[in-house]
Amino acid sequence: MEQRLKIIVRGVVQGVGFRPFVYRLARSHDLGGYVANTDQGVTIEVQGEKARVAEFLDRLRTDHPPLAEITDVEIAELPLNSRKAFSIEGSTSVGEEEALVTPDVATCDDCLRELRDQDDRRYRYPFINCTNCGPRFTIIAHLPYDRPRTTMRAFRMCPACDAEYHDPADRRFHAQPNACPVCGPSLTYVAEDGSEVRGADPLAAAVDALRAGKVIAVKGLGGVHLACDARRDDVVARLRARKDREEKPLAIMVSGMEEVEALCEVCPEERALLVSPRRPIVLMRKRQGAEISDLVAPHQKYLGVMLPYTPLHHLLLRDSGMVLIMTSGNRSEEPIVHTNPGALDRLTSIADGFLLHDREIETRCDDSVTRVWRGKELIVRRSRGYAPLPIEMPVGCDRSILACGGELKNTFCLTRGSEAILSHHIGDLKEEPAFDSFVQGIEHLRRLFHIDVQVVTHDLHPDYLSTRYALSLEGVRNVGVQHHHAHVASCLAEHGRDEPVIGISFDGAGYGPDGTIWGGEFLIADLGGYERAGRLAHLSMPGGDRATEEPWRMALSLLYRVFGEDLPPLRCAAVRERERRGWPVLARMIDVGLRTPLTSSAGRLFDAVASLAGVRDYISYEGQAAIELEMAADEREPGAYSFGLSVEPGEDGKEVLVVDPEPMVHELVSDLLAGQEASIVAARFHRGLAQITGQTAQRIRDRGGPGTAVLTGGVFQNMFLCELVAGELEERGFEVLVHSRVPPNDGGISLGQAAVAAVRSR
Ligand code: ZN
Ligand code: ZN
Ligand code: FE
């Protein structure tokens with residue numbers, strides 16, 4: 001019995017080797033018909049023996065290329081015809097033009113086998129790739145995705161590569177970056193003295209340098225890494241000194257799962273992320289006594305680890321047999337270096353040698369950082385391997401939107417209907433180079449996706465470079481979105497939800513429309529708007545921005561709020577500094593509000609407690625004090641400090657619940673005076689804050705508020721707090737939404753802005 005079916009496959013099925021896969025599958029099942037990309041997805045017609053057609057359908061779902069994600073398969077029966085052959089048809093209409101630009105993909109197992117096969121013509125070739133793996137987003141200059149429109153245009157395929165490229169039965173059929181040692185990119189090693197090594201030796205030279213304890217720059221997929229021995233304190237210390245990165249944790253790369261397990265406790269979900277084709281850096285609990293320098297991630301419980309994701313990485317890790325630091329090649333806060341001249345110019349003071357190659361990177365793309373929470377991914381930085389895959393929003397908008405994001409950890413976002421194309425990680429938009437990268441990134445993605453922007457949305461902070469950029473664009477409609485509303489909206493959007501929720505945004509800072517800095521907010525919000533139902537009490541920030549860099553100032557502010565001039569005799573930096581600097585000046589600053597903005601920020605409250613507990617008085621990277629307070633906390637300690645909850649009139653006459661830290665401060669101070677350990681103090685603070693958060697949400701619901709709570713904002717990267725707050729809310733019967741596919745930090749702001757603007761532009 002024969003059967004003829006028309007099958008439409010939807011999802012991530014274009015530009016991922018789906019058509020050649022279907023071709024090979026159909027041929028191996030003796031089926032006639034065709035496969036084509038259409039604007040509906042991939043359309044297939046097959047005809048053949050009924051049992052074989054059924055098996056074809058099964059394997060279509062189970063054996064598809066690793067990059068493909070099938071969301072829907074539509075099947076219709078057709079009358080039989082006489083077609084016996086199977087073919088790959090060209091694309092119809094606009095389908096391919098608008099097809100997805102896929103993210104870069106880690107080297108697949110088939111390519112790895114060839115890389116290690118002495119008889120293969122690509123044995124140890126550092127740029128081996130196929131239809132299922134290799135560079136994509138980082139090499140694409142224009143669409144449709146075709147070799148001449150990538151940075152591979154510089155390399156002309158040799159006859160052997162060309163034959164593979166044109167053979168539908170070959171696994172390199174239409175693999176745009178296809179290359180071999182004869183025709184493709186090659187390595188160079190530039191040593192300290194400027195001498196160059198080409199040919200087979202660059203890798204060996206790099207390995208020798210690494211073994212000798214040198215720091216080397218390694219050009220990879222989305223940029224240049226700085227690599228060095230992660231086991232030697234002296235080496236890591238040298239890297240830190242040269243990079244001007246005192247304590248911020250560094251990511252490491254190890255050769256395989258066995259090596260990961262030796263360093264970290266790995267759960268199955270973490271393992272799945274580590275080996276996934278996206279190959280992010282995964283934050284996992286570090287094992288006691290892990291064989292690694294303490295300087296890699298000082299004061300941390302977690303270690304950021306990734307597996308090799310390019311053939312070059314595989315060779316480097318295997319040949320060296322080392323655990324390598326692999327950190328972004330940049331000077332402090334600059335964007336990651338992604339060109340050879342850039343590396344030789346910007347990184348000479350950091351790197352002793354340079355392992356470079358001649359395949360250009362069109363778009364720089366940092367490594368993604370992710371983790372697992374309650375068995376589910378909770379991403380921290382969404383970039384390589386993820387961008388620019390779209391996220392489906394619960395709302396659509398006819399007009400295309402550009403969301404400019406925030407200032408720190410910036411990403412931007414473009415929309416097409418209900419699809420949000422979230423950019424790669426741009427970085428902190430404080431300096432000119434990062435801003436240039438932001439503008440170039442927007443232009444590039446607009447061009448790639450043919451998006452004609454009609455609505456531009458931005459943060460309310462007038463001084464953010466992203467806001468200024470948004471307001472400088474002409475002929476567009478501008479939509480300003482409050483920072484924490486954007487945080488809540490981003491979480492709603494990624495969950496495909498748009499009904500009102502209690503959005504709990506615990507964050508560092510966000511411009512508040514009332515002239516204070518927000519960051520400890522309880523918003524009754526949906527995508528369209530919000531109402532401030534609660535907040536943390538205001539704290540003064542003596543010295544303004546300096547209070548963010550010097551947590552002891554927040555500690556002093558907190559003490560002053562509770563005790564006035566009569567400070568308790570604590571042996572902490574706040575009390576010491578008050579003596580040294582002269583308290584009256586600071587007190588007066590706080591009293592009259594001179595360079596002393598008010599903030600409801602949860603991040604600043606964490607800073608204050610971190611300093612009081614003796615954990616951190618000055619920071620060298622964003623969020624350090626709060627992070628170290630989390631790391632200090634003894635999770636087994638059951639105690640909790642008390643907080644107060646009062647009611648104050650809000651701007652529009654409505655009542656706002658205010659979380660009062662005063663009882664907490666009294667209990668904290670008496671603990672400290674009694675000589676209590678920082679680990680206990682930190683835990684009690686976490687638990688107390690979680691409890692009052694649950695109580696506050698409950699009060700809001702009792703007054704008619706929603707029964708779903710969203711946890712968002714940078715502070716919810718604190719896994720201990722996240723778990724405690726989620727627990728408190730669930731005990732009270734709340735449904736709790738936590739981020740998964742976009743970060744809770746400001747990297748998610750642009751998606752939230754886009755969702756809000758989509759609703760407001762309908
Ligand atoms: Zn491959
Ligand atoms: Zn070749
Ligand atoms: Fe934020």
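The salt bridge (charged side-chain N to carboxylate O under 4.0 Å, His left out) check on Asp352 picks up Arg242, with sequence neighbours excluded. Scored by the side chain to side chain donor-acceptor pair (under 3.5 Å) test, His686 finds Asn718 as partners (sequence neighbours excluded).
Under a 3.5 Å cut-off, the side chain of Ser601 and the backbone N or O of Gly508 do form a donor-acceptor pair. Listed for the His357 side chain is no donor-acceptor partner under 3.5 Å among the backbone atoms of Val218. A distance-only check finds no donor-acceptor pair linking the side chain of Glu550 to the backbone of Arg553 [under 3.5 Å]. Of the possible donor and acceptor atoms, one in the side chain of Ser293 sits under 3.5 Å from a partner among the backbone N and O of Leu295. Side chain of Ser740 to main chain of Glu377: a donor-acceptor pair is present (N/O by atom type, distance under 3.5 Å, no hydrogens or angles). Judged by distance alone, with hydrogens and angles left aside, the side-chain atoms of His225 form no donor-acceptor pair with the main-chain N or O of Ala227 at under 3.5 Å. Remark: side-chain polar atoms of Lys286 are not paired, donor with acceptor, to backbone N or O of Leu303 under 3.5 angstrom. A donor-acceptor pair is defined here as one N or O able to donate and one able to accept, closer than 3.5 Å; no such pair exists between the side chain of Glu549 and the backbone of Tyr618. Judged by distance alone, with hydrogens and angles left aside, the side-chain atoms of Arg381 form a donor-acceptor pair with the main-chain N or O of Asp367 at under 3.5 Å. A donor-acceptor pair under 3.5 Å is formed between the side chain of Thr712 and the backbone N or O of His487.
Looking only at side-chain heavy atoms (C-beta outward), Leu356 and Leu344 come within less than 4.5 Å of each other. By the 4.5 Å heavy-atom criterion applied to side chains, Leu239 and Ile350 are counted as neighbours. Contact check for Val756 versus Thr457: no side-chain heavy atoms found under the 4.5 Å cut-off. Side-chain contact between Phe506 and Thr693 is present, with heavy atoms from C-beta onward closer than 4.5 Å. Side chains of Arg240 and Pro298 form a contact here, defined as non-hydrogen atoms less than 4.5 Å apart. Between Met326 and Met306, the closest side-chain pair of non-hydrogen atoms falls below 4.5 Å. Put simply, the side chain of Thr415 does not reach to within 4.5 Å of the side chain of Cys397, judged on heavy atoms. In this structure, Phe438 and Ser423 have side chains that are not in contact, with every pair of non-hydrogen atoms separated by 4.5 Å or more.
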Are Arg279 and Arg384 close enough, and set up right, to give a side-chain contact (heavy atoms from CB on, under 4.5 Å), and what steps lead you there? CA-CA 8 Å; Arg279 291 286 157 109; Arg384 178 189 51 76; 4.0 Å; yes
Test side-chain hydrogen bond (donor to acceptor under 3.5 Å, both in side chains) on Thr516 and Arg535 and set out the steps. CA-CA 12 Å; Thr516 66; Arg535 61 169 170 83; over 6 Å; no
Step by step, work out the side-chain contact (heavy atoms from CB on, under 4.5 Å) result for His483 and Ile749. CA-CA 7 Å; His483 189 89; Ile749 284 286; 3.8 Å; yes
From CA spacing to verdict: side-chain hydrogen bond (donor to acceptor under 3.5 Å, both in side chains), Ser383, Asp366: CA-CA 6 Å; Ser383 201; Asp366 287 82; 5.2 Å; no
Apply side-chain contact (heavy atoms from CB on, under 4.5 Å) to residues Val742 and Thr411 and explain how you reach the verdict. CA-CA 11 Å; Val742 299; Thr411 63; over 6 Å; no
Before you tell me yes or no, could you show the steps for Ile426 and Ser437 under side-chain contact (heavy atoms from CB on, under 4.5 Å), namely the whole-Å CA-CA distance, both residues' side-chain angles and the distance that decides it to 0.1 Å? CA-CA 7 Å; Ile426 303 292; Ser437 175; 4.3 Å; yes
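A distance of 9.0 Å separates CD of Gln717 from CG of Asp507, quoted to the nearest 0.5 Å. Within the model, atoms CD1 of Ile421 and CG of Leu751 stand 11.5 Å from one another, a figure rounded to the nearest 0.5 Å. With rounding to the nearest 0.5 angstrom, the OG1 atom of Thr138 is 6.5 Å from the CD1 atom of Ile361. Rounded to the nearest 0.5 Å, atoms SG (Cys491) and CZ (Phe716) are 10.5 Å apart. Summarising the geometry, atom OG1 belonging to Thr363 is positioned 8.5 Å from atom CD1 belonging to Ile140; distances are rounded to the nearest 0.5 Å. In this structure, His425 NE2 and Cys365 SG are separated by 10.0 Å, a value rounded to the nearest 0.5 Å.
Here the shortest heavy-atom pairing between Ala602 and Leu536 reads CA-CD1, 3.6 Å. Heavy atoms only, all atoms of each residue included: Ala434 and Leu429 are closest at O-CD2, 3.5 Å. When all heavy atoms of His458 and Leu471 are compared, the pair lying nearest together is NE2-CD2, 3.6 Å. Shortest non-hydrogen contact noted between Gly529 and Arg760 is CA-NH2, 4.3 Å. The two residues Glu494 and Ile391 come nearest to each other via the heavy atoms CA-CG2, 4.5 Å. Scanning all heavy atoms of the two residues, the minimum distance from Glu630 to Phe720 falls at OE2-N, 3.5 Å.
Of the listed residues (Thr339, Val224, Leu355, Val337), just one forms a side chain to side chain contact (heavy atoms under 4.5 Å, CB included) with Lys219, and that residue is Val224.
A 6.0 Å sphere centred on CD of Gln300 holds more than 12 heavy atoms belonging to other residues, nucleotides or ligands. Asp514 CG: more than 12 foreign heavy atoms inside a 6.0 Å radius. With a 6.0 Å radius and a threshold of 12 heavy atoms from other residues, nucleotides or ligands, Glu431 has its CD atom at or below the threshold. Remark: Glu392 CD is packed, more than 12 non-hydrogen atoms of other residues, nucleotides or ligands lying under 6.0 Å away.
Between Asp607 and Arg616 there is no salt bridge, since none of the side-chain N atoms of the basic residue sits less than 4.0 Å from a carboxylate O of the acidic one.
Figure legend: Arg371 and Tyr302 shown as a cation-pi pair, the cationic atom lying under 6.0 angstrom from the six-membered ring centre and within 45 degrees of its axis. Note that Arg245 lies outside the cation-pi zone of Tyr621, set by a 6.0 Å cut-off to the ring centre and a 45° limit from the axis.
In this pair, His313 and Tyr309 present their aromatic rings perpendicular. The plane angle is above 60°, beyond the 30 to 60° band. Under the 30°/60° scheme for interplanar angles, the aromatic rings of Phe137 and His444 are found to be tilted.
Between His484 and Tyr530, the distance separating the two ring centers is not shorter than 6.0 angstrom.
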